[in-house]
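Heads up: the structure comes next, in C-alpha cells.
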Amino acid sequence: MNTHEEFERWILEEEALSPEETQRLSRHIAECESCRTLQENLNQNLAFIKNSSMIKPAAGFVARWQQQLALRTKEKQESERIRLILGVLGLMSVLSISSCLVIFSPGNLVNTGLRLSNLLKLVAINIHQLKTMLSVLKIPLLIFSAGSVILMIVYVLVGALSAVTIKRIRKGA
Ligand SMILES: [Zn+2]
C-alpha cells in the first residue's frame, strides 16, 4: 500500500506511471483532498505556463521598437549638437562683444582720437612721422582687426554648422 507522501511524489514528479499505478493514484486523489488540491493546482499552473509561452510579440514589434530606439537616439544626438553649437556661439559672441567693448570704450576712443588728431597734425607737419604714429597705433589696430576677424570667423562657422545641422535634421525627418 502506498503512503500519502508517495502519491504526492507521483503527482509532482513527471515520471511515467504504469496503468496500475495511475489507477491507484486516481483512486487516492478521489479520497485525499490534499492530493486532489495539489493535482488541480499543478494542472492549472502547467496550463498557465503553456498559454504564456504561446503569447508572442506581434509581428514586426521588435523591428519597430528598434527603429524607434534608433530614431530617438539620433534625435538626442542632434539636439546635443545644436546645444553645443549654441554654447560655442554664445561663448564666441561674449568674447567678440567684450573685445569690441574694449576697443570702443570711451578711454580708448579718446586715446584713439587724440592719436588720430596728433597723427593728422604730424602728417601735415612731417609725413615721415607717420611711421612712428602707426607703430604707436599698432596695438589698438591689432585688437580691432582681431575682434573683427574673430567675429567674421564666428558667423561663418555658425552659419556653416547651422546649415549642415538643418540639412541633417531635414534628411532624418
Ligand atoms: Zn494524499
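Residue indices begin at 1 and follow the sequence shown. Because only heavy atoms are used, hydrogens play no part in the values below, and waters and symmetry mates are left out as well, while side chains stay in. Whatever order the structure lists ligands and atoms in, that order sets their numbers, starting from 1.
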Mind checking how many protein N/O/S atoms fall short of 2.8 Å from the Zn ion (ligand 1)? 4
Under the ring pair (Phe, Tyr, Trp, His ring centres under 6.0 Å) rule, what pairs show up with a residue in residues 62-90, not counting sequence neighbours? none
Using modelled atom types only, decide if a donor and an acceptor are shared between the side chain of Glu21 and the backbone of Ser18 within a distance under 3.5 Å. yes
Residue pairs meeting salt bridge (Lys or Arg N to Asp or Glu O under 4.0 Å), one or both in residues 79-95, sequence neighbours left out, come to Glu78-Arg81
Could you give me the CA-CA distance, side-chain angles and deciding distance for Val88 and Val158, then say whether side chain to side chain contact (heavy atoms under 4.5 Å, CB included) is met? CA-CA 9 Å; Val88 170; Val158 167; over 6 Å; no
Taking only residues two or more places apart in sequence, or in another chain, which ones meet Glu20 in a salt bridge (charged side-chain N to carboxylate O under 4.0 Å, His left out)? Arg24
Could you verify whether a donor N or O on one side chain and an acceptor N or O on the other, from Gln68 and Arg64, lie under 3.5 Å apart? no
